[in-house]
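The structure appears below as structure tokens.
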Protein chains: 2
Amino acid sequence: MVNQNHPTKLAILQAAFRVFGEKGFKGTTTKEIALEANVAEGTLFRYFPSKLDILYGVVDTLITSIGVEPLQNFLGEINDLPTVEALQYIILNRMETIGAGKDLIRIILTEAQYDEHLREVYVEQVFKPIQQILSSFFEQKMANGECREMNPKLPANILLSSIFFTVISQHLLTIEAEDNIFEASELTNILLYGIQERLKP
Amino acid sequence: MVNQNHPTKLAILQAAFRVFGEKGFKGTTTKEIALEANVAEGTLFRYFPSKLDILYGVVDTLITSIGVEPLQNFLGEINDLPTVEALQYIILNRMETIGAGKDLIRIILTEAQYDEHLREVYVEQVFKPIQQILSSFFEQKMANGECREMNPKLPANILLSSIFFTVISQHLLTIEAEDNIFEASELTNILLYGIQERLKP
DNA sequence: TATAAGAGTGAGTGCTCACTTATTTTTATT
DNA sequence: AATAAAAATAAGTGAGCACTCACTCTTATA
């Protein structure tokens with residue numbers, strides 16, 4: 001039995017992450033992973049029973065980095081800021097986090113289509129918690145009158161989708177930045193004005 | 001030389017579309033396509049030089065169905081409606097179109113990551129034209145004072161991303177409908193209030 | 001230094017794949 | 001009906017794949 005926290009295992013995971021990100025799961029061979037990790041092909045299978053388990057290992061190791069924890073920590077820090085600024089910070093923070101984890105998100109989104117396990121991991125550990133946190137944020141604004149009554153998941157989803165879209169566009173389709181003009185400030189404005197109690201002219 | 005509009009060719013394209021949609025490009029074998037199309041495997045290669053060319057054929061044949069034309073036609077029909085209703089119709093129409101073309105979109109988005117040609121086809125023939133049309137819609141609203149001055153691509157992108165997100169969530173990640181509450185009416189409200197000239201309380 | 005166990009190796013294995021080719025079947029023309 | 005051309009077939013073919021296994025090397029302990 002091999003040591004499960006051996007540096008070799010870590011090297012394999014890191015190498016696999018790079019190669020999967022570049023070529024996709026099906027487009028990557030175990031030989032390539034081994035080469036990138038500077039180990040023999042056979043070594044992979046001392047640490048992981050199959051190629052698929054290497055993918056699961058990569059996702060399990062890194063999923064927390066794009067998940068709920070960074071956002072929750074961050075929200076605690078900006079709790080006392082006015083809504084406008086809080087929203088801007090949330091947008092910037094999410095774009096940063098998602099941008100940093102873009103390769104992992106790409107891998108998960110791509111493979112989740114054909115793999116039940118990955119789909120569940122993503123939905124339960126990333127999508128739903130983040131949606132929940134953002135919903136609470138808007139619920140709070142409703143309670144203190146800064147937002148009119150509505151399903152709080154709606155502004156949460158608009159926020160999420162806008163951020164998501166930017167990242168997907170830039171990094172999955174490599175659309176140039178000029179067409180990706182989700183400036184945090186104007187997106188904040190639209191969202192805030194849009195959810196305000198309606199003012200009569 | 002074979003007839004390039006032969007029914008067999010069409011059968012192959014339709015079969016390939018179904019199988020690619022279900023299993024992805026790399027997850028599909030030429031044998032499976034042949035089986036689904038009720039032809040021998042060799043027959044595929046009388047009509048297409050390679051498996052990749054079958055994928056290109058599928059995309060080329062169907063791309064117009066999710067592209068700019070349906071939207072342009074549709075916008076002509078609702079030209080005289082008030083902005084609120086026009087927006088609602090646009091949202092519903094796009095969701096319908098994207099929903100109908102979801103399999104193709106999934107295929108393109110997935111494979112575009114690893115294929116320059118598909119990436120270009122999608123960006124140039126789907127993304128940019130639609131963004132352009134929606135931008136014009138908002139530009140028009142700016143001209144007649146229904147929208148404050150801003151980069152018209154911003155509301156266009158919010159609209160696009162929200163619709164996209166819904167479709168991706170539902171059909172790529174199979175997130176349940178309860179978490180996908182982009183009702184056309186409330187999304188319209190938020191967007192419209194959000195882009196209005198700001199009213200002082 | 002002798003021994004044993006853990007870690008690492010890489011040629012080998014059987015299988016699957018995209019694609020080919022020799023052959024048969026269908027269609028069109030006279 | 002005879003012939004030729006076109007279309008379709010299915011048994012190959014060789015390359016490449018995930019994974020195995022018999023073996024070597026390294027390290028630790030006595």
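Chain identifiers are assigned alphabetically (A, B, ...) following the order of the sequence lines, protein sequences preceding nucleic acid strands; residue numbering begins at 1 within each chain.
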*Is the A:Phe164 ring parallel, tilted or perpendicular to the A:Tyr122 ring (thresholds 30°, 60°)?*
perpendicular

_Looking at A:Tyr47, I'd like to know whether one of its side-chain N or O atoms comes within less than 4.0 Å of OP1 or OP2 on C:dA7._
no

*Figure out the CG/C1' separation between B:Leu35 and C:dC17, and round it to whole Å.*
16 Å

*asked:* Tell me the closest heavy-atom pair linking A:Arg148 and A:Met142, and the distance in Å.
replied: O-CG, 3.4 Å

_Spacing between B:Glu32 atom CD and C:dA18 atom C1', to the nearest angstrom_ = 13 Å

*Give A:Thr43 one of three labels, base, sugar-phosphate or nothing, depending on what nucleic acid heavy atoms sit under 4.0 Å from its own.*
base

*Does the side chain of B:Thr8 get closer than 4.0 angstrom to OP1 or OP2 of D:dA8 through an N or O atom?*
yes

*Kindly point out which of D:dA7, D:dA10, D:dA18 is positioned nearest to the side chain of A:Lys51?*
D:dA18

_side chain to side chain donor-acceptor pair (under 3.5 Å) between B:Glu69 and B:Thr64, worked out_ = CA-CA 7 Å; B:Glu69 214 177 296; B:Thr64 51; over 6 Å; no

*A:Phe45 CZ to D:dA22 C1', straight-line distance once rounded to whole Å*: 17 Å

*How many Å lie between CD1 on B:Ile54 and C1' on C:dC17, as a whole number?*
13 Å

*Please give, in whole Å, the distance from D:dC23 C1' to A:Arg46 CZ?*
12 Å

*Interatomic distance, B:Glu41 CD vs D:dT9 C1' [rounded to whole Å]*: 11 Å

*asked:* Please determine whether a side-chain nitrogen of the Lys or Arg among A:Glu32 and A:Lys23 lies less than 4.0 Å from a carboxylate oxygen of the Asp or Glu.
replied: yes

*asked:* I need the CZ-C1' distance between B:Phe48 and D:dA8, as an integer number of Å.
replied: 15 Å

*Looking at C:dA18, D:dA18, C:dT9, which one has an atom nearest to any side-chain atom of A:Thr30?*
D:dA18

*Given atom CZ of A:Phe25 and atom P of D:dC17, what is their separation to the nearest angstrom?*
13 Å

